[in-house]
Amino acid sequence: MQYVVIEHFRGGDPAPVYARFRAQGRMAPAGLVYVGSWVTEDLTTCYQIMECADRGLLDEWIRAWNDLVEFDVIPVVSSAEAALRAG
């Protein structure tokens, strides 16, 4: 399953997030796959695509960053999958 993960950097400050990332990496548990990300021009919000078979892995990763980031998580399917489902 793929998820759009919207990260709102607490206080609008990206510095602590990038400092931790440089020091500790993404901290994703095995089985959680980073697909790609985009950051708003003002550096306050990150949009990521993450993939995993077990939603619990995504929740574990969120707990590792929750002190620096507020998260919105949206399960998504590809446009091709949506077209198949819609008939």
Side-chain angles (χ1 to χ4, degrees):
M1 176 62 117
Q2 288 191 326
Y3 300 88
V4 172
V5 179
I6 305 170
E7 299 181 359
H8 305 279
F9 302 145
R10 294 191 186 275
D13 186 4
V17 175
Y18 285 101
R20 180 179 293 169
F21 182 79
R22 281 189 297 276
Q24 299 180 36
R26 193 166 311 281
M27 301 191 307
L32 179 62
V33 178
Y34 165 81
V35 177
S37 63
W38 301 263
V39 179
T40 57
E41 192 172 335
D42 65 2
L43 305 179
T44 62
T45 307
C46 178
Y47 297 85
Q48 289 194 63
I49 304 295
M50 301 292 276
E51 186 174 276
C52 59
D54 175 3
R55 169 60 199 257
L57 297 173
L58 186 63
D59 294 332
E60 181 181 336
W61 173 73
I62 286 171
R63 282 191 297 275
W65 290 95
N66 204 37
D67 61 323
L68 301 179
V69 178
E70 293 179 35
F71 292 89
D72 293 320
V73 177
I74 305 162
V76 296
V77 297
S78 69
S79 296
E81 174 73 18
L84 287 173
R85 290 184 186 187

Participant: Closest heavy-atom contact between Leu57 and Cys52?
Facilitator: CD1-CB, 4.3 Å
Participant: Taking C-beta and beyond as the side chain, do Thr44 and His8 meet within less than 4.5 Å on heavy atoms?
Facilitator: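 The answer is no, as the side chains (C-beta and beyond) never meet within the 4.5 Å cut-off.
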Participant: Quick test of your reading: applying ring pair (Phe, Tyr, Trp, His ring centres under 6.0 Å), list the pairs with at least one residue in residues 40-60, sequence neighbours left out, ordered by first then second residue.
Facilitator: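 Ring pair (Phe, Tyr, Trp, His ring centres under 6.0 Å) check on residues 40-60 returns no pairs.
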Participant: Looking at every non-hydrogen atom in both residues, tell me the closest pair between Trp65 and Val17 and how far apart they are.
Facilitator: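 It is CZ3-O, 3.7 Å.
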Participant: Could you tell me if the side chain of Leu58 sits less than 4.5 Å from the side chain of Val5, heavy atoms only?
Facilitator: yes
Participant: Under a single-linkage definition using a 4.5 Å side-chain heavy-atom cutoff for Ile, Leu, Val, Met, Phe, Trp and Tyr, are Leu32 and Val76 assigned to the same hydrophobic cluster?
Facilitator: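 In one cluster: no.
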Participant: For the side chain of Thr45 and the backbone of Thr40, is there at least one donor-acceptor N/O pair under 3.5 Å apart?
Facilitator: no
Participant: For a quick test of reading the model, state the closest non-hydrogen atom pair linking Asp67 to Arg10 and the distance between them.
Facilitator: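 Asp67 and Arg10 have their closest heavy atoms at O-CD, 3.2 Å.
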Participant: Are the side chains of Val73 and Ile62 in contact, using a 4.5 Å heavy-atom criterion?
Facilitator: yes
Participant: Is the shortest side-chain heavy-atom distance between Phe71 and Ile6 below 4.5 Å?
Facilitator: no
Participant: Provide the closest heavy-atom pair for Gln2 versus Val35 in the form atom of the first, atom of the second, distance.
Facilitator: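 Taking every non-hydrogen atom into account, NE2-CG2, 4.0 Å.
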Participant: Taking only Lys NZ, Arg NE, NH1 and NH2, and the carboxylate oxygens of Asp or Glu, determine whether Asp59 and Arg63 approach each other closer than 4.0 Å.
Facilitator: no
Participant: Looking at every non-hydrogen atom in both residues, tell me the closest pair between Val69 and Phe9 and how far apart they are.
Facilitator: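 Closest approach of Val69 to Phe9, heavy atoms only: CG2-CD2, 4.0 Å.
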Participant: Looking at Arg20 and Arg26, would you say the former's side chain and the latter's main chain have a donor-acceptor pair under 3.5 Å?
Facilitator: no
Participant: Could you state whether Ile49 and Ile74 fall into the same hydrophobic cluster, counting links through intermediate Ile, Leu, Val, Met, Phe, Trp or Tyr residues with side-chain heavy atoms under 4.5 angstrom apart?
Facilitator: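 Cluster IDs for Ile49 and Ile74 match.
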Participant: Starting from Met27, can I reach Leu68 by hopping between I/L/V/M/F/W/Y residues whose side chains sit under 4.5 Å apart?
Facilitator: yes
Participant: Identify the heavy atoms of Trp61 and Pro29 that sit nearest to each other, and give their distance.
Facilitator: CB-CD, 3.9 Å
Participant: If you group Ile, Leu, Val, Met, Phe, Trp and Tyr by side-chain heavy-atom gaps below 4.5 Å, do Val33 and Met50 land in one group?
Facilitator: no
Participant: For Met1, give me all partners under side-chain contact (heavy atoms from CB on, under 4.5 Å), at least two apart in sequence or on another chain.
Facilitator: Tyr3, Pro75
